[in-house]
Amino acid sequence: MIHSLFLINSAGDIFLEKHWKSVVSRSVCDYFFEAQEKAVDVENVPPVIPTPHHYLISIYQDKIFFVAVIQTEVPPLFVIEFLHRVVEMFRDYFGECSEAAIKENVVTVYELLEEMLDNGFPLATESNILKELIRPPTILRSVVNSITGSSNVGETLPTGQLSIIPWRRAEVKYTNNEAYFDVVEEIDAILDKSGSTVFAEIQGVIDASIKLSGMPDLTLSFMNPRLLDDVSFHPCVRFKRWESERVLSFIPPDGNFRLMDYQVSSQNLVAIPVYVNHNINFKESGSSGRFDVTVGLKQNMGKSVEGVIMTVHMPKVVLNMNLTPTQGTYTYDPVTKILTWDIGKINPQKVPNLKGVICLQSGAPKPEENPNLNIQFRIQQLAVSGIKVNRLDMFGEKYKPFKGVKYVTKAGKFQVRT
Amino acid sequence: MRKAEAMSASSAYNDEKGASSNIGEPEYGHDPASGGIFSSDYKRHDDLKEMLDSNKDSLKLEAMKRIVAMIARGKNASDLFPAVVKNVACKNIEVKKLVYVYLVRYAEEQQDLALLSISTFQRGLKDPNQLIRASALRVLSSIRVTIIIPIMMLAIKEAASDMSPYVRKTAAHAIPKLYSLDPDQKDQLIEVIEKLLADKTTLVAGSVVMAFEEVCPERIDLIHKNYRKLCNLLIDVEEWGQVVIINMLTRYARTQFLNPNHNESLLEESAEKEFYGSDEEEKEEKDEKEEAAALAKRKPYVMDPDHRLLLRNTKPLLQSRNAAVVMAVAQLYFHLAPKAEVGVIAKAQVRLMRSHSEVQYVVLQNVATMSIKRRGMFEPYLKSFYIRSTDPTQIKVLKLEVLTNLANETNISIILREFQTYIKSMDKDFVAASIQAIGRCATNIGEVRDTCLNGLVQLLSNRDELVVAESVVVIKKLLQMQPAQHSDIIKHMAKLTDSIQVPMARASILWLIGEYCEHVPKIAPDVLRKMAKSFTNEEDIVKLQIINLAAKLYLTNSKQTKLLTQYVLNLAKYDQNYDIRDRARFIRQLIVPTEKSGVLSKYAKKLFLALKPAPVFESPFKDRDHFQLGSLSHLLNAKATGYQELPAWPDMAPDPSVRNVEVKEAVPEWTKCSSREKRKEKVEKPFYSDSEGGSGPTESADSESELELESEGGSGSEEGGSGSGSEESDEGSESEKEKKKKPEKIKVRKTLPESAESEQSGEEEKSVRKRKERNANSESSSEEEEESSSESSSSESESEEESESEPETKKKKKKISLSKLAPKEPKKEVSLLDLDDFIPTPSPQVTPVNNIVSNSLATDLQGLSLTDSALSPTMISPSFSSVKTYELLHRITGEGLAVEYCFSRQPCSLDPHMVAVQIQFSNNTDTEAKSLRIQEPKLMSGMRMQEFPEIEVLAPGETVTVIMGIDFCDSTQAANFQLCTQTRKFYVSIQPPVGELMMPAFMSESEFKKEQGHLMGMNEISEKLTLGEKCQSDHAIVQRVTSTANLSRVPCGSDREYRFAAKTVTSGSLVLVTVVTKEGMAAQLTVNCEKMVIGTMLVKDILQALSQ
């Protein structure tokens, strides 16, 4: 299966290598660099690159390429999914997955990789098991370790690996027992020139942060489970119960995890909370253009829309932009040609507007098309689909936990065509 | 860059090292023996070596950390090998682990030195702790040193029969490692794989299938026996194992089952034939014959239940969070499911597209292939493939591909509108791809061809040259389909030659004009004139087309173009490019007649102006589905090393009985009802296996030969089914002996719990018991010699740890009793054997935590069950009335008709194998209820029902009682049926409490003991309980037990013991219940029953009745 792994930074340096079978020379990465050069953009590097003797399967996360070397047939998604798990694990352990963090914790990284694969086949990928085997580094522990010479390899044997609920540690104890759920929904939409919806859908996730002692068995039910069209679950969720009763019944992992992903059935009309009026044009003669964009609230849902940011990839010929916002601040990066307008919270009375002049490269033909506007926003305390958690019941433990549910709606890939 | 790194480190490297790094393989290729390196590097790693040699763990750890950091950066640390390997037995776990990391990395290069470490691992293999055994095996098998192959082989074999599933899993992982080291071991390894495939734990399943795929994917025959088990375990296997198993099962199913879509494809064919047939009447007769033949071929397709099992058990995994699992299920459905069912995978695939862009890329590739074959599947999700300007180009192009595949007459207008916006994108590569997509839509859908063509012509005036060029190329292809109608477009394009510079586009225009010069007779020579002028400055492909154009014009219109052609050909003759020179010579010979010109020139016109077939726009994903979807080979569209071809469906289904390990009827019952026990057992496993680990060393310390024997013995009893024939005869001869010894055995067993409780078992008693037990052991061992060796070995271990060996011997006995049972009930036998891995030995000391898990998990274990209806242990609240009535139809739902039923406990007069159910109708309305009867009983297979005679009239206020009989097949499945009156139908169901599935059996005390002796081991379930307050008197106990279940009391000498007996109604299996009261409120309940499911449920019910 997975033969070797190389981590490559944006400068093209291989800063970590790990082999699970016999050693593969790092020169194999030359094929990757070749492909990278050809692709120009990092995002266009093909995830699978065949070379004469190996296949390279890579992912790009946090400015690092994770390049896995494969020798024989293996489902590409298997490798890609695994590499993403590695990234998640690094984030879980070190708080971030940067080159600096990996270099700093290189021994822990190596120990992790050693446990995650055996002979290239995944062995332990559950965060709860790994944390029993290898304790995440903390400042306190590293100080203690350096004094006492003790290690961050767990002394106890990972019994979780043997259990049928491998995702949960045994003997969890908390003084404050809490179970919090975040229902986060994202609106993916494409609006056309006139503002009508070409495509819109709502997808959501339920992230859980569970700190409960013992072996709690939780049941989460919804007021309106019918809204959920397509779902995927953490392995802890009992699928049969979902099928028959539409409740989520599970013994949770300890700590933070994603309980479920869902999509709201497409029949429901998606309420688009904002509208965008735009007037962008480039003059035929002369090297300038006009830019006038207004972002406003469309439906008043009784909640304020905040964190509104608009980003625009301007055409290459745009040299600079001279604009005045009525609210928030804007920046234009003449190198990447990205205009960012940070609006903040939209006030229903005062509609934010950004207006001004576009300076074009003189002599160049005017751009043929107007750039698309990408919008981000956030609405607290609202799940736009209307999904509501009804109740959370706990069985199997006697204490009374604190429970809480938070709703947030965000813009996903929200694009306005102009 | 590697060089750079080597340089940066080279401050300490000596010259020699630097030199070798220039050669190319500096880090890895070192031969440790080739002097120099040692001496020079000695200085460099001096400090590290010192630290490693020190006594302080912290220093060692620090040194190892630095070394591992070196390895991680790809630097060579091989010269430290001797210093590091010394620490392999270090006490500090982290040091040890880092040494392992080092060892695995460098052992291959330093084989001799690596041997020093082997003994440590060999010791580790015998460690009582399963995790240490596993990790020793893991490192041992990862060291790629050929000398130790025999040791590895031995270790793997040993570990494959380890008690701990975790060690067995590690053994499975080790198999491919050894195989890659020495492929000659294949045969032996296959044996181990075969053994591990029979393993019933989810922990092992994924790993062993992975080993199977790497070592012997062609040995599909090994899967037969394990197929159903794998299907059933699948949902509980860890995600990575699921992927491997699903992919393997896809291949398996392709070889074993029939194509579920076979008939449909035949139908389609014949439908087409009919269609054509009506056009051409002469052919009709022939067609009819063909059709008849096709019909004959078309047998009614019935899906193999195993095929169905696979589809059903994989479907829930579409909801996995792991994209690889979802894709694996999707490809399984695509390759194996009937057309009508494939649709379910579309939604999951669309969901995957919201994941990371790499996942999106792979999924889109697969969707592209699927959407060609099954377009309808993705049509509802058309909009999910719309393209955003922020998508990476490679994703955009793939989405475009899918959109094009999905286009049809109904949605083409929406798609074209979408394409229109894409054409304006800033990403020019993407625009080019969009134009090609439009071209493909235009060729595929005739209705929009003109619209598309017009649209593309408009693009010709686009400012971007790339766009124009791409349009020209596409238009050229489109025009070829119907050139006559589009001479004005050709004219328009001719004008473009002045402005357009992209060679491919120019070449296309020239080719078009040449090809259709008859449609533009005036313009063509003029274009040639212009081209002749600029010939020398053109690109090669354009030059070739100019020559072509000249040749064609010369042939059609030689008067005007003769000189021009000569001129062009002369220019070409001296061109730098030999292709062009060649072409020029060749064409001159063909078209310009000379004396020497051969026969060919006569045909010049035919050669050049032949009608060319219009090009077909083909998706690059067409026919890619001959690769298994989701595979690397599919993605690359080329066979990757190690790819296993997806076999074609067989014409005739191979014998399905090869998969028979259990009879189908037994399956649902067993999996359902036992799920509770199973769960409990599973949870307890870590707990068990610890104690197993404890007793491990005594076994593994034994000589190998003994071990082998034992494993043989184990497998012997596991495969009881095959050996049952011979055993039967054995049994006959031995039955007498057994009879004598059996009571003794029982005594032994009975004394056990007591002594465990009171804890006052003196040495004497112990030894007596032991002797007795040994007797029992040796007795049973006379049946099978191999068995005896295992027995004796276990009884040896007894002397060390009494309490631990107890369950083990018990287990062994259970096995024996099982194999004895085998001949009696060959059908059941295997499913019984399945249990032996999870014998619950229901211990009351299960920790509360575990209990909870078991209860709650019981529900999701239903994933394993084959039927969807829920687990159904109906609770009976113990009542003192002898007969409890249940409501079948409430007065209100029944619109005034109330129906109650009770189990009358009378032998059913209609059929002795049926449970008599007394049904009482009462009419609470003020009108007559007419013709009350039963309709459409829906029963599980094997169940039967004897309906009561129709009640013609039920007067208001009146009550009528009837008896009906139901054969529940000894299961608590509900019997569902409709209760009809003249006007209404009510869906009702009768679900029997387990206690009603039996009828009293009368026997003497000695008979009871004898029968109980037969039903030991797995068939015995005992539970401790505390009697309820109101349940102290003899009378109350008997009353409660008999009201819970239809049992008869068996006389008994002791006044603290109560015995009851019954037979199940359908199969007549004995059910024996013993209640022993003890000091205070304590009591012990024992149920012996061949049907463990019934036994388990009965224990539960009686327990509840007694403790309330």
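Letters A, B, ... are given to chains in the order of the sequence lines, protein chains preceding strands, and every chain is numbered from 1. The structure presented is a predicted model; accordingly, all values stated were derived computationally and were not measured.
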Where on [X] is there a heavy atom nearer than 4.5 Å to chain A: the side chain, the backbone, both, or neither?
X: B:Arg388; answer: both
X: B:Glu239; answer: side chain
X: B:Val359; answer: both
X: B:Ser180; answer: neither
X: B:Tyr361; answer: side chain
X: B:Asn366; answer: neither
X: B:Leu629; answer: neither
X: B:Gln331; answer: neither
X: B:Met210; answer: side chain
X: B:Val244; answer: side chain
X: B:Thr393; answer: both
X: B:Val326; answer: neither
X: B:Glu108; answer: side chain
X: B:Leu317; answer: neither

Taking side chain as everything from C-beta outward and backbone as N, CA, C, O, which of these in [X] sits under 4.5 Å from a heavy atom of chain B? Side chain, backbone, both or neither.
X: A:Lys193; result: side chain
X: A:Leu117; result: backbone
X: A:Ile190; result: side chain
X: A:Phe250; result: neither
X: A:Ala11; result: neither
X: A:Gln415; result: side chain
X: A:Phe78; result: both
X: A:Asp41; result: neither

Interatomic distance, [X] atom [atom1] to [Y] atom [atom2] [nearest 0.5 angstrom]:
X: A:Leu123; Y: B:Thr170; atom1: CG; atom2: OG1; result: 7.0 Å
X: A:Phe257; Y: B:Arg321; atom1: CZ; atom2: CZ; result: 10.0 Å
X: A:Leu83; Y: B:Glu358; atom1: CG; atom2: CD; result: 8.5 Å
X: B:Lys424; Y: A:Asn372; atom1: NZ; atom2: CG; result: 10.5 Å
X: A:Lys413; Y: B:Asp391; atom1: NZ; atom2: CG; result: 6.0 Å

Does a side-chain N-to-carboxylate-O contact under 4.0 Å join [X] and [Y]?
X: B:Glu418; Y: A:Arg417; value: yes
X: B:Arg138; Y: A:Glu115; value: yes
X: B:Lys177; Y: A:Asp118; value: yes
X: A:Asp230; Y: B:Arg351; value: yes

Salt bridge (charged side-chain N to carboxylate O under 4.0 Å, His left out) between A:Asp188 and B:Arg354, worked out: CA-CA 10 Å; A:Asp188 281 3; B:Arg354 301 198 294 260; 5.9 Å; no
Closest-packed option against chain B by number of heavy-atom pairs under 4.5 Å, given [options]:
options: A:Lys21, A:His313, A:Lys18; answer: A:Lys21
options: A:Glu243, A:Glu114, A:Gln203, A:His234; answer: A:Gln203
options: A:Phe121, A:Phe82, A:Trp242, A:Phe233; answer: A:Phe121
options: A:Val198, A:Asn119, A:Val45; answer: A:Asn119
options: A:Ser58, A:Cys29, A:Pro235, A:Pro371; answer: A:Pro235
options: A:Val106, A:Ile80, A:Leu113; answer: A:Ile80

Less than 4.5 Å apart, any side-chain heavy atom of [X] and any of [Y]?
X: A:Leu77; Y: B:Asn322; result: no
X: B:His356; Y: A:His84; result: yes
X: B:Arg73; Y: A:Phe15; result: no
X: A:Arg85; Y: B:Trp240; result: yes
X: A:Glu111; Y: B:Glu94; result: yes
X: B:Ser384; Y: A:Phe199; result: yes
X: A:Met260; Y: B:Gln319; result: no
X: A:Met1; Y: B:Pro176; result: no

Modelled atom types, side-chain donor and acceptor of B:Ser633 and A:Glu73, under 3.5 Å: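 There is such a pair (donor and acceptor under 3.5 Å, judged by atom type) between the side chains of B:Ser633 and A:Glu73.
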Donor-acceptor side-chain pairing of B:Ser357 and A:Glu43 below 3.5 angstrom: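 Looking only at side-chain atoms, A:Glu43 and B:Ser357 do not form any donor-acceptor pair under 3.5 Å.
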Closest-packed option against chain A by number of heavy-atom pairs under 4.5 Å, given [options]:
options: B:Leu98, B:Val95, B:Val104; result: B:Leu98
options: B:Ala640, B:Ser141, B:Ala638, B:Ala174; result: B:Ala640
options: B:Gln628, B:Lys56, B:Lys347; result: B:Lys347
options: B:Val68, B:Val363, B:Ile395, B:Val362; result: B:Val362
options: B:Ser425, B:Ala348, B:Ser207, B:Ser142; result: B:Ser425

Under the side-chain contact (heavy atoms from CB on, under 4.5 Å) test, residues paired with A:Ser213 that sit two or more places apart: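 Residues passing side-chain contact (heavy atoms from CB on, under 4.5 Å) with A:Ser213: A:Tyr174, A:Asn177, A:Tyr399.
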Which atom of B:Ser320 lies closest to which atom of A:Ser232, heavy atoms considered: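 Nearest pair, atom of B:Ser320 first, then A:Ser232: O-CB, 3.5 Å.
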Considering all heavy atoms, the nearest B:Gly630-A:Pro76 contact: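 Distance-wise, the nearest heavy atoms are O-CD, 3.1 Å.
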Working for side-chain contact (heavy atoms from CB on, under 4.5 Å), residues A:Tyr55 and B:Leu636: CA-CA 10 Å; A:Tyr55 305 95; B:Leu636 299 172; 3.5 Å; yes
